Amino acid sequence: MEQSSTSALLQGTVLDLASDVVSALRSGDHVRAGSTLTGGGAGEGVARAAVRVLGADTLLPSLLLSLPPEPAQLAVFRDAVAAHPPRRGASPTVVWSHWAMTRALRRTGQPLDGPLADSPDAEPDAGWLDDASWQFLTHQLAVLAPLALPGEECAVTRVARGRPVDVARGFVRAVRRRDWQQAAGAGRWLTLLDGVPDTLGLEAGLDFVGLMGGSDPRVALQLEAARLMPAGALR
């Protein structure tokens, strides 16, 4: 019962945190971005875990709108990065998620110290995507949507850049399967890619995803990110 209660609290905190980010992206108010983390509603451990789930997108308003993060919010984010480095044998998405969080700290101008300072620019291996099917590729890119940022340059973005048609196919498949989180994440990537087929109707597709799944703040977050990013920004 206690484990179930903790899980429900974590899930609720993740949704609240995503809602904060969406509000900040829409309003340009940096205070809203961290209100869940700074309001004291969630315990320290739950707050850190929620940041780990949302990943680098916790700081998305700072990255996209150049808004300074709240010091208390930034402290929780740094603690989450430092306290939970990937374990040996962790999945590639976990390793890349952690890398994206350390990159987000550097992009906000935060100095890294201790273990965070070791090889700050070293990228994880992306070989697991080399021969990925378009279905698997889209799923992995959706999980790693926080990497879809203007000016981001890493192995995962290079893979995405080379396979716009496959990502478009994955977006259509996710919409048909009513997997709105995956569709929104794939759509965020497509917003940045050259070579997306005009027949996809990406703008209308994203509007449809918002209509059907936008009540989930995790979906809304991806759609707001896509709205704010210029086409072809990964070039």
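All values reported here derive from a predicted model rather than from experimental measurement. Positions are given from 1, in the same order as the sequence printed here.
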Quiz item: Would you find more than 12 non-hydrogen atoms of other residues, nucleotides or ligands less than 6.0 Å from Q135 atom CD?
Solution: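 Yes - once you tally the heavy atoms of other residues, nucleotides and ligands closer than 6.0 Å, there are more than 12.
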
Quiz item: So with a 6.0 Å cut-off around CG of D131, is the heavy-atom count from everything else above 12?
Solution: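 No, because the 6.0 Å sphere around CG of D131 holds 12 heavy atoms or fewer from other groups.
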
How far does [atom1] of [X] sit from [atom2] of [Y], to the nearest 0.5 angstrom?
X    : Y    : atom1 : atom2 : value
L137 : R169 : CG    : CZ    : 11.0 Å
D57  : E224 : CG    : CD    : 12.5 Å
Q182 : H139 : CD    : NE2   : 6.0 Å
F136 : D166 : CZ    : CG    : 13.5 Å
L105 : R103 : CG    : CZ    : 12.0 Å
D20  : L60  : CG    : CG    : 13.0 Å

Quiz item: With sequence neighbours excluded, what pairs up with P92 under the side-chain contact (heavy atoms from CB on, under 4.5 Å) test?
Solution: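 P92: side-chain contact (heavy atoms from CB on, under 4.5 Å) contacts with W128.
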
Which heavy-atom pair separates [X] from [Y] by the least distance, and what is that distance?
X    : Y    : value
A56  : L63  : O-CD1, 4.2 Å
L223 : G210 : CD1-CA, 3.3 Å
P197 : A168 : CD-CB, 4.0 Å
L15  : R218 : CD2-NE, 3.5 Å
L190 : P164 : CD2-O, 3.8 Å
R163 : L129 : NH1-O, 3.9 Å

Report yes if some heavy atom in the side chain of [X] is under 4.5 Å from a heavy atom in the side chain of [Y]; otherwise report no.
X    : Y    : result
T191 : L206 : yes
V143 : W96  : no
L228 : L65  : yes
L17  : V14  : no
T108 : F77  : no
F171 : L200 : yes
P150 : L64  : yes

For the side chain of [X] and the backbone of [Y], is there at least one donor-acceptor N/O pair under 3.5 Å apart?
X    : Y    : value
R188 : Q222 : no
Q140 : T93  : no
S66  : S62  : no

Please determine if [X] and [Y] form a salt bridge, counting it only when a charged side-chain N lies under 4.0 Å from a carboxylate O.
X    : Y    : result
E153 : R161 : yes
E152 : R158 : no
D179 : R177 : no
R52  : D79  : no

Practice problem: Quick one: do V76 and T58 satisfy side chain to side chain contact (heavy atoms under 4.5 Å, CB included)? Show the steps, please. | Solution: CA-CA 10 Å; V76 176; T58 304; over 6 Å; no

Self-check item: Option from V95, V94, T102 for which side chain to side chain contact (heavy atoms under 4.5 Å, CB included) with H98 holds
Solution: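 Result for side chain to side chain contact (heavy atoms under 4.5 Å, CB included) with H98: T102.
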
Self-check item: Verdict with supporting geometry, W134 and V167, side chain to side chain contact (heavy atoms under 4.5 Å, CB included)
Solution: CA-CA 7 Å; W134 59 269; V167 181; over 6 Å; no

Quiz prompt | Check against side chain to side chain contact (heavy atoms under 4.5 Å, CB included), W189 and L147 | solution = CA-CA 9 Å; W189 280 102; L147 288 171; 3.9 Å; yes

Exercise. Determine whether M212 and L202 fall in the same hydrophobic cluster, where Ile, Leu, Val, Met, Phe, Trp and Tyr are linked whenever their side-chain heavy atoms lie under 4.5 Å apart.
Key: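 Yes.
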
Quiz item: Does the pair L59 and Q73 meet the rule for a side chain to side chain contact (heavy atoms under 4.5 Å, CB included), with working shown?
Solution: CA-CA 9 Å; L59 297 183; Q73 175 200 17; 3.9 Å; yes

